[in-house]
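Below you'll find the structure, written out as structure tokens, and then a few comments.
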2 protein chains.
Amino acid sequence: MKVHDHQLQVPGLRMTKQRKEVYRALMENQDHPSASELFDQMQDTESPMSLATVYNCLEAFVEHGAVKQVNIDREPSRYCQNSTPHAHFHEQETGTIHDINFKPGTSLSDILDLPEGTEISNLEITLKGKLPQ
Amino acid sequence: MKVHDHQLQVPGLRMTKQRKEVYRALMENQDHPSASELFDQMQDTESPMSLATVYNCLEAFVEHGAVKQVNIDREPSRYCQNSTPHAHFHEQETGTIHDINFKPGTSLSDILDLPEGTEISNLEITLKGKLPQ
DNA sequence: GTCTTTTTTAGAATAATTCTAAGTTTATTG
DNA sequence: CAATAAACTTAGAATTATTCTAAAAAAGAC
Ligand SMILES: [Mn+2]
Ligand SMILES: [Mn+2]
Ligand SMILES: [Zn+2]
Ligand SMILES: [Zn+2]
């Protein structure tokens with residue numbers, strides 16, 4: 001998979017104009033938009049599309065590891081443009097979601113009592129609270 | 001809040017027979033049952049109750065910090081009898097959820113690049129994969 | 001061009017959860 | 001104790017994010 005200037009290329013994933021548009025909006029969005037927020041944005045583009053298509057596009061990106069689906073509590077899923085490993089901080093006052101990076105050279109097993117030989121295929125860390133300032 | 005022999009006592013929380021029964025089932029359940037699984041179990045007790053009541057009881061427990069609501073992906077919420085801080089490991093083959101404790105003396109900020117002064121009110125860690133054996 | 005596969009779409013369906021409003025139980029007060 | 005107030009339970013309706021369906025359109029292969 002190559003990512004360059006908001007152009008996504010994944011072998012086996014057709015880059016239709018709808019997918020290009022959804023991907024672009026996601027990349028330009030610093031926040032973590034929901035499907036319906038993206039759907040609203042799509043209505044102002046040259047390829048307005050159905051909500052089903054927005055969901056389909058996002059699902060394709062998530063399946064190919066280009067986008068992360070972020071589930072916090074039972075709220076509508078949000079989608080994350082940052083495909084590198086990171087945690088999510090949900091600021092309570094504003095409702096915004098911030099990416100938090102891992103410290104280099106650290107691992108979850110530094111703080112978790114995991115049995116030896118555990119294979120982790122997926123990892124989600126979500127914090128809620130207040131960031132300084 | 002005092003917990004003794006599966007008797008929950010929280011100031012301000014009436015311990016009706018329905019709440020006692022839901023709490024007991026949750027405590028005796030090593031797994032992390034969903035509301036509808038608990039509802040099914042309730043039908044065999046001396047106080048069969050409505051699904052709305054199961055949801056109401058669980059909501060009351062969660063609000064009072066006696067029970068944890070566990071959300072993994074978009075699956076139905078599961079409820080956790082372990083009110084101490086811990087992470088959840090979702091075993092992919094069986095679908096079971098295991099509690100993982102934190103190593104004593106460690107903190108999330110050991111591995112996360114959190115700004116100084118961050119206030120964390122809530123924390124969720126979910127792993128997915130395979131446990132040994 | 002034809003053929004095949006993938007994608008898009010409108011609208012219907014699904015399903016977990018919440019809401020409503022009425023009845024019941026429990027606590028409090030005099 | 002009786003009267004009143006507050007909290008709780010309930011059946012069923014409503015909500016709503018998401019998925020499904022089945023038909024049309026688009027894209028790629030040849
Ligand atoms: Mn939010
Ligand atoms: Mn599961
Ligand atoms: Zn993110
Ligand atoms: Zn747990």
For [X] and [N], give me the distance from atom [atom1] to atom [atom2], rounded to whole Å.
X: A/Phe39; N: C/dG11; atom1: CZ; atom2: P; result: 12 Å
X: A/Glu63; N: C/dT7; atom1: CD; atom2: C1'; result: 14 Å
X: A/Met42; N: C/dT8; atom1: CE; atom2: C1'; result: 15 Å
X: B/Glu37; N: C/dA16; atom1: CD; atom2: P; result: 11 Å
X: A/His64; N: C/dT7; atom1: NE2; atom2: C1'; result: 13 Å
X: A/Tyr55; N: C/dT14; atom1: OH; atom2: P; result: 18 Å
X: B/Arg78; N: C/dT17; atom1: CZ; atom2: C1'; result: 16 Å
X: A/Asn71; N: C/dA16; atom1: CG; atom2: C1'; result: 14 Å

- Query: Looking only at atom types and distance, does a side-chain atom of B/His90 sit under 3.5 Å from a main-chain N or O of B/Leu127, one as donor and one as acceptor?
  - Reply: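 Flag not set: sc B/His90 to bb B/Leu127 has no pair under 3.5 Å.
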
- Whichever of A/Met49 and B/Ser34 has the more 5' nearest nucleotide on DNA chain C, that residue is A/Met49

- DNA chain C: 5'-proximal contact among B/Pro76 and A/Leu51 (nearest heavy atom):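 It is A/Leu51, whose closest nucleotide lies nearer the 5' terminus.
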
- Message: Exactly one of A/Glu124, A/Glu75, A/Arg74 should register a side-chain contact (heavy atoms from CB on, under 4.5 Å) with B/Asn71. Which one does?
- Response: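 The single option meeting the side-chain contact (heavy atoms from CB on, under 4.5 Å) with B/Asn71 is A/Arg74.
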
- Under 4.0 Å protein heavy-atom contact, by nucleotide of nucleotides 19-28 of chain C - B base, S sugar-phosphate only: B------BS-

- According to a strict under-4.0 Å criterion, is B/Thr53 in side-chain N/O contact with OP1 or OP2 of D/dT10?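 It does, given that an N or O in the side chain of B/Thr53 lies less than 4.0 Å from OP1 or OP2 of D/dT10.
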
- Query: Do you know the tightest heavy-atom contact between A/Lys68 and A/Val62?
  - Reply: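 Nearest heavy atoms, A/Lys68 then A/Val62: C-CG2, 4.4 Å.
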
- Shortest non-hydrogen contact from A/Met15 toward A/Phe61: CE-CE2, 3.7 Å

- Message: At 4.0 Å (heavy atoms only), tell me whether B/Ser77 reaches a base, stays on the sugar-phosphate, or touches nothing.
- Response: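 The residue B/Ser77 makes sugar-phosphate contact but no base contact.
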
- For B/Phe89, ring-ring contact (aromatic ring centres under 6.0 Å, His included) partners two or more places apart: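 By the ring-ring contact (aromatic ring centres under 6.0 Å, His included) rule, B/Phe89 matches no residue at all.
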
- Query: Which residue lies toward the 5' end of DNA chain D, B/Arg74 or B/Gln18, if each is placed at its nearest nucleotide?
  - Reply: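 Per heavy-atom nearest nucleotide, the more 5' residue is B/Gln18.
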
- What's the closest nucleotide to the B/Arg19 side chain, out of C/dT7, C/dT9, D/dC8?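 Between C/dT7, C/dT9, D/dC8, the one nearest the side chain of B/Arg19 would be D/dC8.
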
- Going by distance alone, is a donor N or O of one side chain under 3.5 Å from an acceptor N or O of the other, for A/Asp113 and B/Asn101? no

- Message: Strictly below 4.0 Å, N to O, side chains only: are A/Lys17 and A/Glu46 in salt-bridge contact?
- Response: no

